[in-house]
Visitor: 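Pasting a structure below so you can have a look.
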Amino acid sequence: MKYSVVLRNKHLVIIFVSLLVIAFSFSISYTPLAKGDLGGPYYVRGYIKQWNGTAVPSGVTVTITNNENDNSGTATTTGSNGAYQIDVGKDSGFDCTNGDQIVVNCSYSGQVGENDTTVDTSDTFAWCNLSGGTRLQNQSLSINVSPWNWAAGSIDYGSWNATSNTYFNLTNQGNVNINVKIHGYNISYGGNYWNLTSSVGVNNYTLKYQKSGAGTWTAIGLANASFVTDLEFNSDYFDYTFWQKFGLNLSMPTSVAPTPSGSLSTSVRFWSELA
């Protein structure tokens, strides 16, 4: 019997906010960190526009990161023109040196954007606007799986077949970090069906996944379950991991009644949610 698995994607926007506080008792051997060589204040400033060219209102949070050491801080927009300003100079905590790349991010009302500038000590400030071609854009939770299908071949009842755990690659093609969930389906044929279950049996089959580097297979059920959390997007400015490689394992029922004819197929569906 020939068997194929078809992968589908879809997204659902759900916002989760959680806080986990863990207390530790430990000792630290302190080693002083290298500090930036800026002799005084140095400002990063600019204007932030929404996708339609309208300025963001006052009070919107702007995140500024020194991409050379990951030190970051926040500022807020002021007035009605979307202006912001922050000091990344001496004693600011950014530890900037001449030539450092500074990345500016902003998220507002379902829109996101980022841009960068470079510290140039021949001046006392640098512009970094999120406007024009870098203005905020609507959040995108787009994902893709490649390849889209797997022809599992002819498998006897009570037997199985599997891919390598790097056969498929799920990528975050949007502009925000996401959580991805996974679920499968029962198989219908001629008014009959096989149940997707955690163990094989009469008219019961299993689908499992194994992420790259994992040593065990995880069963796929009929309900959404966590597949990967906080999958980063492909930023132009940060070295993010925006993909997850994985494989699939299909185990046939021990026996079936009635017996189907021809090829059967089933699907695995992924849902992306805002991380």
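Positions are given from 1, in the same order as the sequence printed here. Fair warning: this is a prediction, and the values are worked out from it, not measured in the lab.
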Visitor: Can you hop from L170 to L274 via hydrophobic side chains spaced under 4.5 Å?
Guide: yes
Visitor: Taking S58 for its side chain and S80 for its backbone only, find out whether a donor-acceptor pair lies under 3.5 Å.
Guide: no
Visitor: Decide whether V103 and V112 are clustered together by the hydrophobic rule: side chain heavy atoms of Ile, Leu, Val, Met, Phe, Trp, Tyr closer than 4.5 Å, transitively.
Guide: no
Visitor: Is the backbone N or O of F94 less than 3.5 Å from a side-chain atom of N69, with the two atoms forming a donor-acceptor pair by type?
Guide: yes
Visitor: Where is the tightest heavy-atom contact between N177 and E232, given as atom of each residue plus distance?
Guide: OD1-CA, 3.3 Å
Visitor: Would you check if the side chain of S251 reaches a backbone N or O of T206 as a donor-acceptor pair within less than 3.5 Å?
Guide: no
Visitor: Just by distance, with hydrogens left out, do N71 and D95 show a side-chain donor and acceptor under 3.5 Å apart?
Guide: yes
Visitor: Could you tell me whether the side chain of N172 and the main chain of L231 form a donor-acceptor pair under 3.5 Å?
Guide: yes
Visitor: Would you check if the side chain of S146 reaches a backbone N or O of N169 as a donor-acceptor pair within less than 3.5 Å?
Guide: no
Visitor: Between F246 and F227, does the ring centroid distance fall short of 6.0 Å?
Guide: yes
Visitor: If you count heavy atoms of other groups shown closer than 6.0 angstrom to CH2 of W160, is the number above 12?
Guide: no
Visitor: Check for me, please, whether V60 and V44 land in the same ILVMFWY cluster - side-chain distances under 4.5 Å, paths through other members count.
Guide: yes
Visitor: Any non-hydrogen side-chain atom of V62 less than 4.5 Å from a side-chain atom of I86?
Guide: no
Visitor: Do the side chain of Y189 and the main chain of S265 share a donor and acceptor less than 3.5 angstrom apart?
Guide: no
Visitor: V180 and I178: which non-hydrogen atoms are nearest, and at how many Å?
Guide: CG2-CD1, 3.8 Å
Visitor: Sub-3.5 Å donor-acceptor pair from the side chain of N98 to the main-chain atoms of T121, do we have one?
Guide: yes
Visitor: Parallel, tilted or perpendicular for Y205 and W194, by the 30°/60° rule?
Guide: tilted
Visitor: Could you go through T97 and E68, starting from their C-alpha distance and side-chain angles, then the distance that decides it, and tell me whether this counts as side-chain hydrogen bond (donor to acceptor under 3.5 Å, both in side chains)?
Guide: CA-CA 9 Å; T97 61; E68 309 306 321; over 6 Å; no
Visitor: Is there a path from V268 to M252 through hydrophobic residues (I, L, V, M, F, W, Y) whose side chains come within less than 4.5 Å of each other?
Guide: yes
Visitor: Return yes if some donor-acceptor pair links the side-chain N/O of S212 with the main-chain N/O of T166 below 3.5 Å, else return no.
Guide: no
Visitor: Would you kindly confirm whether F238 and I102 end up in one hydrophobic cluster when ILVMFWY residues are joined by side chain heavy atoms under 4.5 Å apart?
Guide: no
Visitor: Give a yes or no on whether the backbone of P41 and the side-chain of S92 come within a donor-acceptor separation of less than 3.5 Å.
Guide: no
Visitor: D120 versus Y42: any side-chain heavy-atom pair under 4.5 Å?
Guide: yes
Visitor: Is it the case that the side chains of N66 and D100 hold a donor-acceptor pair, with the cut-off being a distance below 3.5 Å and no angle test?
Guide: yes
Visitor: To check you understand the geometry: which heavy-atom pair defines the closest contact between N203 and P253, and what is its length?
Guide: N-CB, 3.8 Å
Visitor: Restricting to side chain to side chain donor-acceptor pair (under 3.5 Å), what partner residues turn up for N195, sequence neighbours left out?
Guide: N204
Visitor: Can you check whether Y240 and F242 have ring centres sitting under 6.0 Å from each other?
Guide: no
Visitor: Would you indicate whether the side-chain heavy atoms of Q173 and N234 approach each other to under 4.5 Å?
Guide: no
Visitor: Strictly by side chain to side chain donor-acceptor pair (under 3.5 Å), give each pair with a member in residues 43-56 just once, sequence neighbours left out.
Guide: R45-Q85, Q50-Q111, N52-T54
Visitor: Is a side-chain donor or acceptor of T197 paired with a backbone partner of S199 at a separation under 3.5 angstrom?
Guide: yes
Visitor: Tell me, do Y237 and N115 make a side-chain contact under 4.5 Å, heavy atoms counted?
Guide: yes
Visitor: Answer whether the closest heavy-atom distance between the side chains of L207 and L196 falls below 4.5 Å.
Guide: yes
Visitor: Using the rule side-chain hydrogen bond (donor to acceptor under 3.5 Å, both in side chains), only one of Q210, K211, K245 pairs with N165; which is it?
Guide: Q210
Visitor: Are the side chains of S140 and F233 in touch, meaning some heavy atoms are under 4.5 Å apart?
Guide: no
Visitor: Is I64 close to V88 at the side-chain level, that is, under 4.5 Å between some pair of heavy atoms?
Guide: yes
Visitor: Any side-chain heavy atom of W150 sitting closer than 4.5 Å to one from N161?
Guide: yes
